[in-house]
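One structure is given here, and the rest of the page talks about it.
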Amino acid sequence: MIRLVILASGGGSNMQAIVDAHKFGVLKGLAEVVLVISNNTNAFVLERAKKENIKSVCIERKSFKDDESFNKEVLAELQAANADLVCLAGYMRMIDKEILNVYNGRILNIHPALLPKFGGKGMYGHFVHEAVVKAGEKKSGATVHFANEEYDSGKIILQKEVEVSKSDTPEEVARKVLEVEHKIYPQAIKKVIEENLRG
Ligand code: GAR
């Protein structure tokens, strides 16, 4: 069984989708979530982890003197959990070089747009959907990609479109996109395990 660690800062609906895929879906018998790490003490993802009996830790940036020591602690937790794959699921911090080196090709991120469009620094959460509506896009979607040293620019693993109609508000686009996120994240994890992690 592949050991997944999820890093999340917010609600954790993608974390829930991955946990559910292990219990009833495409990740059954293939991968399980062994740890949830959050940088936000108030994140609902921590409640979800508790309810699912999954170990969780909260590592707050403010408890560390700099980004480097904060990331060292994150890395220590990943290693203590014997993580095989790391899934960023609404994680609002940058992963540093050291973590990327140790987990080279084994860190995935989900982004709520059709990358390379609407990605990069400052493009996260509702900002993405607001920009999509403002630009008058006819479609948006979700992208699962490998994390690298730049925001939202690593190799794409899976992408799925949704239609955006003229009357859609950013909230409506967000709802449609989130629905496909929950489908493609577990599928992308399965793809990476089958193509990259199995000999
Ligand atoms: C998701 O829409 C995810 O794509 C986005 O945050 C949301 C987290 O929702 N991530 C980013 O914008 C990262 N650039 P969740 O906490 O319910 O899974």
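For reference, positions follow the sequence shown, starting with 1. As the structure lists them, so they are numbered: ligands from 1, and atoms in each ligand from 1.
For the residue pair His182 / Ser13, a side-chain donor-acceptor distance below 3.5 Å is found, with atom types taken as modelled.
Near Gly90, the atoms of ligand 1 lying under 4.0 angstrom from a non-hydrogen atom of the residue are 6 (O), 8 (C), 10 (N). Of all atoms in ligand 1, numbered sequentially from 1 with element shown, those under 4.0 Å from a heavy atom of Gly11 are 16 (O). For ligand 1 and Leu178, the ligand atoms under 4.0 Å from any heavy atom of the residue are 2 (O). Listed by number with element, the atoms of ligand 1 under 4.0 Å from a non-hydrogen atom of Tyr124 are 12 (O), 14 (N).
Contact analysis puts Met92 in contact with ligand 1, with a non-hydrogen atom separation below 4.0 angstrom.
Taking distance alone, with nitrogen or oxygen atoms compared against 3.5 Å, Gly12 approaches ligand 1 more closely than that limit. Taking distance alone, with nitrogen or oxygen atoms compared against 3.5 Å, Ser13 approaches ligand 1 more closely than that limit. In terms of polar-atom proximity, Gly125 is counted as a contact of ligand 1, with an N or O under 3.5 Å from an N or O of the ligand.
For the pair Ser9 (side chain) and Asn40 (backbone), a donor-acceptor distance under 3.5 Å is absent.
The neighbour count for Tyr124 OH, taken as heavy atoms of other residues, nucleotides or ligands under 6.0 Å away, does not exceed 12. Taking a 6.0 Å sphere around CD of Glu179, one finds it holds 12 or fewer heavy atoms contributed by other residues, nucleotides or ligands. The neighbour count for Glu172 CD, taken as heavy atoms of other residues, nucleotides or ligands under 6.0 Å away, is above 12. The number of heavy-atom neighbours closer than 6.0 Å to CD of Gln79, taken from other residues, nucleotides and ligands shown, is above 12.
Protein heavy atom nearest atom 13 (C) of ligand 1, with residue, atom name and distance: Ile110 O, 4.0 Å. Of the protein's heavy atoms, His111 ND1, 3.4 Å lies nearest to atom 14 (N) of ligand 1. Closest to atom 9 (O) of ligand 1, if we only count protein heavy atoms, is Asn14 ND2, 4.0 Å. Atom 11 (C) of ligand 1 has Pro112 CD, 3.7 Å as its closest protein atom, hydrogens excluded (heavy atom only). In this structure, the protein non-hydrogen atom closest to atom 3 (C) of ligand 1 is Glu181 OE1, 3.3 Å.
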Next on the checklist: Is there a salt bridge (charged side-chain N to carboxylate O under 4.0 Å, His left out) between Glu163 and Lys138? Walk through the geometry before answering.
Outcome noted: CA-CA 6 Å; Glu163 279 181 20; Lys138 291 195 172 61; over 6 Å; no
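Cation-pi geometry between Arg93 and Phe70 is met: under 6.0 angstrom from the ring centre, within 45 degrees of the axis.
Nearest heavy-atom pair, Glu77 versus Leu35, reported as atom, atom and distance to 0.1 Å: O-CD2, 3.8 Å.
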